[in-house]
Amino acid sequence: MRIFAAHLTARTMEYAFREIERKWQERWRDNAVYSVRNDVSRPKCYVLDMFPYPSGAGLHVGHPLGYIASDVYSRYKRLKGFNVLHPMGYDSFGLPAEQYAIEHGIPPAISTHNNIDTFRSQLDKIGFCYDWTREVRTSDPSYYKWTQWIFLQLFESWFDRHRQQARPIAELISIFETEGNQQHGCPGDTAIRFTAEEWKSFDPQQQSDVLMHYRLAYSGVGEVNWCEALGTVLANDEVINGVSERGGHPVVKKKLRQWYLRITEYAERLLKGLETVDFSDSMKEMQSNWIGKSYGAEIDFEIMGITGRSFKVYTTRPDTIFGVDFMVIAPEHELVESLKTSESAQAVEDYIANVNSRSERERMAEKKITGVFSGSYCSHPFTGQPIPIWISEYVLAGYGTGAIMAVPCGDERDFRFAKHFGIPITNIIGAFYDGTDANPTKEARLENSDFLNGLLMKDAIEVSIARMEQMGIAHRQTNYKMRDAAFSRQRYWGEPFPIVWKGEVAVPLSVSELPLELPQLENLKPGPEGQGPLANLPEWVTVADGNREVNTMPGYAGSSWYFLRYMDPHNEQEFCSRTASDYWGQVDLYVGGTEHAVGHLLYSRMWTKALFDLGHIGFDEPFKRLLNQGKIGGDSRLVYRIRGTQQFVSSGLKDQYETDELHVDVSLVDGFVLDTQRFKQWKPDFNDATFITENGVFTCGGRLEKMSKRYFNVVNPDEIVEKYGADTFRMYEMFLGPIDQDKPWDTKGIEGVHRFMRKFWRLFYDTEKGWRVTDAPATDASWKSLYKVAKKVEEDTARFSFNTAVSGLMIAVNELTDQDCHSRELLEKLVVVIAAYAPHVAEELWSALGHSGSVLDASYPAIEEHYLVESSKEYPVAINGKTRTTLLLDINLSQSEIESIVMQDAVVIKWLEGKSPKKIIYVKNKMINVVM
RNA sequence: GCCCGGGUGGUGGAACUGGUAGACACGCAGGACUUAAAAUCCUGUUCGCCGAAAAAGCGAGUGCGGGUUCGAUUCCCGCCCCGGGCACCA
């Protein structure tokens, strides 16, 4: 098909990547090459990138790494015959846009829109195969209509612990009407118990309050960091030493009404579900640590002096019951008031006041031991001895019962507390306790432990629980560290809650009233009394017989279900049709960073489970397989200035002077060599700079660190694409190393990949000879090279070993060049093999080879194994495990044939020194080892 | 402190199930082509010893010290270092 080559000018015989890439990007767009239909007749593959927040800073070369990997994988699967869903969109609600609006007066909707445009234009240059007709934006009312709808689904549901699934709240109401809540204890407040008759006697307000304790999305009172001077609520990391980070104003705990998701009800299923998904072990580990399941017992202790009053502690080590030297309750514990005595009252109150002045994060970070004696005692259930009850912040109100039994000989924190306050320590583990440290062992034999004496601790756990259960003072209890997720923010730029408060009753909007649009608002200052900015819009807040909820949803609301919307993005009747979700199902490959390990991934897993329970989708884990890409670090360049001067010294000589180190923009440096002229112009300070060079060259120092503007080490993908082309950029990002590892960016290294691209091009075109493809048959050696690389790219892409796939392509191109192979039949297949990695050049050559459609509609070549079969192999021959020579041998030789050949070999004879070998190990197709 | 990753040439990395350590690149050195440069191509490049050099040969070598094995980057035990996550969770 020389016709196709004929119109090419000499200039285009060169690898003109800029023209090629522009041309194909336009064609892809104009012909909607990447739009995907929900074609249920074809096998599906769903490949998804983690939802990006469109930040104003733009992309650096580290950001697209995961996108390139998922793009390569998507294209590869399409070549293998799959209908591939590969969408992209924006998690466009969020705090940065709101903060930007407050500081610059640009409305969040506008700045977000601009950021998305920048983001998109950067992505487009890299040549991704996203189906942009499916783009979603969480801040778009047509999207958040369904976020609100799902919120209402959660609001109208409760979790049936017997069935371990969500059910409609209406079913709970009918249960209450027939049998009260005897079978379904209240997750929000275990003290709530009622019969059917009592339920019916409740007024609407009481019924509403009870139901709120069951709902999966519920409203409750939570503590926030309240800063009176700023009139706003602060996040934990905005509070330092009890004052606000901005301005240093005092911050106090304030109880505010908040929304929560009852994710704790799903703890068990979130844990179990990990067994069914293909995530890395470390990712599963992080999630299960976060969920934090533990087995133990709740034990009642009688308080002395208050007849009949007792309190519960939670412990995982009931076997240590005789080692209890004191009790500790959280400062927020409800018994604090009743435990304090006239002598202790002042100290207790001072302590509580001090604790309240600090954020939870600070309390957790606190290393000092603090606490106060409550003034009261409880009695030991077996010995009847009095045990002092202390109050300390190291016990958290939200975990277990908010009270512990302290066993200083076995628990590090209890030990330090006892030492600090001079509380005597009982030893129940003999020599395992040395008096200088607690020992948390379970292997000791118990002493001083009455009926447990002589038992191994791990066995005594069961014995002690059984005994205490029998006595009616304890029961087994499984606990989870995880807490319910706070689901409201006192902010503007988020989804409004579809809730109207009528008195104290939260009334949901009806579906027909959705979306409840976020009103335009000029002034984004906080509302009165810690409320969000929406409280400043009374005309929006006030509705007939009620007030709208003024909180908005947090960032993770929209991102918890977006993968479902991509399946059916324009559906105005449903969040996603069941037909679409049944077809596309789970995300087959989810690509993103580890920073979302416990937040986003757990929330979206919970939403998926709830939607599954309620019958809206047919699967309960959203992501079948997770690939975490590593980060690309920056390679900074440093110059050394002699202190107090404008004289700079080359890095090899810097130790001879007293110097200060400065970061220099990496674009001014070639490798390590500084362009001193440009450096002088870079900043006014350096106009008069002088340089002490080494042999006329000024070299910089280097350091690997985070890619960041302040280190001047940011490399913009736009520049790389402009200089080398998108295909080279994609290939190079993949070539850098294993996708899941962190690695430094080295712009210098991209040259090698670009050389490879040109070498590949020259299999087809030569600047002088023009089009080189011929109809001559390829040699067997060439076919072997082709099928070897086809097989390698296939296997390596499937297991995400993109770097080795690229090196395989390099080897193939090197071999085919050496073989002077220009066979059309062979090169057509090679173009398909490379297409997923370098899509633009593949399209160009596919077209030049005479094809009219996209190369993506070709099929990946079937491997013809017979070209790969070897008849002989060069075996390494080792003497005692050390390779001494090699022998080219037929692959099908027997052990005895091998032995006789090996024994005649001169090198082997030399090493044997006349002795006969003990044995000869022959592993077919691997190696030969002569053991002396 | 606990948990999870990871330590291989000057650099990024390869070696997939225990079988020729260093593929493929970068960089560097030398050479060809060129008036010159760019581009391209060729040769060499783990370290040490031996040698004028090349070839050949020998020794060491995958963070350190042991072990299992005919054979260990790979498996086991004990350390060291780097990166990440969690951190009073009873």
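So that the names make sense, note that chain A is the first sequence line, chain B the second, and so on, each numbered from 1.
In this structure, A:Asn289 atom CG and B:rG1 atom C1' are separated by 14 Å, rounded to whole Å. Here B:rG57 presents its C1' atom at 14 Å from NZ of A:Lys882, a figure rounded to the nearest Å. Atoms CD (A:Gln629) and C1' (B:rG84) sit 14 Å apart, rounded to a whole Å. Atom CG of A:Leu602 is separated from atom P of B:rG85 by 17 Å (rounded to the nearest Å). For A:Asp820 and B:rC41, the CG to P distance is 14 Å, given to the nearest whole Å. Atom-to-atom, CD of A:Glu899 to P of B:rC70 comes out at 17 Å; the value is rounded to the nearest Å. When rounded to the nearest whole Å, the span between OH of A:Tyr15 and P of B:rA39 equals 17 Å. Rounding to whole angstrom units, NZ of residue A:Lys788 and P of B:rC24 are separated by 10 Å.
Taking the six-membered ring for Trp and thresholds of 30 and 60 degrees, A:Phe760 and A:Phe764 have ring planes more than 60 degrees apart, a perpendicular arrangement. Between A:Trp761 and A:Tyr15, the ring planes lie tilted relative to each other; the angle falls in the 30° to 60° range. Ring geometry for A:His596 versus A:His600: interplanar angle over 60°, hence perpendicular rather than tilted (30 to 60°).
Comment: A:Glu865 engages A:Lys791 in a salt bridge, judged by a side-chain N to carboxylate O separation of less than 4.0 angstrom. Contact check on A:Glu462 versus A:Arg476 returns a salt bridge, with a Lys/Arg side-chain nitrogen under 4.0 Å from an Asp/Glu carboxylate oxygen. Ionic pairing of A:Lys293 and A:Glu268 is present here: one or more N-O contacts between side-chain nitrogen and carboxylate oxygen are shorter than 4.0 angstrom.
The closest donor-acceptor contact from the side chain of A:Lys284 to the backbone of A:Val277 lies under 3.5 Å.
With both ends at atom P, the span from B:rG31 to B:rA37 equals 12 Å, rounded to whole Å. Separating the C1' atom of B:rC26 from that of B:rC64 is a span of 30 Å, rounded to the nearest Å. The gap from the P atom of B:rU74 to that of B:rU62 amounts to 9 Å, rounded to the nearest Å. Rounded to a whole angstrom, the distance from the C1' atom of B:rA36 to that of B:rG51 is 39 Å. With C1' as the reference atom, B:rA39 and B:rG57 are 41 Å apart, rounded to whole Å. Nucleotides B:rA23 and B:rG9 are separated by 13 Å at their P atoms, to the nearest Å. Rounded to the nearest Å, the gap between the C1' atom of B:rC79 and that of B:rC28 is 37 Å. Comparing the P positions of B:rC3 and B:rU45 gives an interatomic distance of 46 Å, to the nearest angstrom.
Side chains of A:Thr315 and A:Ile404 form no contact here, defined as non-hydrogen atoms less than 4.5 Å apart. In this structure the side chain of A:Ile720 never reaches within 4.5 angstrom of the side chain of A:Tyr732, judged on heavy atoms. Using a 4.5 Å cut-off on side-chain heavy atoms (C-beta onward), A:Asp437 and A:Glu412 make contact.
The phosphate of B:rC26 (OP1 or OP2) has no side-chain N or O of A:Trp745 nearer than 4.0 angstrom. For B:rG1, the OP1/OP2 oxygens have no side-chain nitrogen or oxygen of A:Arg416 closer than 4.0 Å. Within the structure, every side-chain polar atom (N or O) of A:Tyr314 is placed at least 4.0 Å from both OP1 and OP2 of B:rA90. Applying the 4.0 Å criterion to OP1 and OP2 of B:rA90, one finds that A:Ser294 has a side-chain N or O inside that range. Under 4.0 angstrom from either OP1 or OP2 of B:rG57 there lies no side-chain N or O belonging to A:Arg884. Look at A:Arg758 and you'll find a side-chain N or O under 4.0 angstrom from OP1 or OP2 of B:rU40.
Here A:Asn814 lies in heavy-atom contact (under 4.0 Å) with sugar-phosphate atoms only.
The side chain of A:Trp911 approaches B:rG59 more closely than any other nucleotide in the set B:rG59, B:rG27, B:rC4. Considering only the side chain of A:Arg755, B:rC26 comes nearest among B:rA87, B:rC41, B:rC26.
Mapping A:Gly808 and A:Ile404 onto RNA chain B by nearest heavy atom places A:Gly808 at the nucleotide closer to the 5' end. Summary of the strand contacts: A:Val598 and A:Met283 both lie near RNA chain B, and taking for each the nucleotide with the nearest heavy atom, the more 5' one is attributed to A:Met283.
Taking the O4'-C1'-N9-C4 or O4'-C1'-N1-C2 dihedral as appropriate, B:rG9 has a value within 90° of 0 and is therefore syn.
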Fill in the blank from the handout: Output field dot_bracket for RNA chain B (Watson-Crick or G-U, both distances under 3.5 Å, | for other-strand pairs) contains (((((((..(((......[....)))((((((.......))))))((((.......))))..(((((..]....))))))))))))....

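Residues A:Phe326 and A:Phe417 place their aromatic rings such that the two centres sit under 6.0 Å apart.
More than 12 heavy atoms of other residues, nucleotides or ligands lie within 6.0 Å of CG in A:Asn925, so this atom counts as buried by the packing criterion.
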Completion exercise
Quick tally for nucleotides 12-23 of chain B: nucleotides whose base has a protein heavy atom under 4.0 Å get B, sugar-phosphate-only ones S, the rest -, giving BSSSB--BBS-B

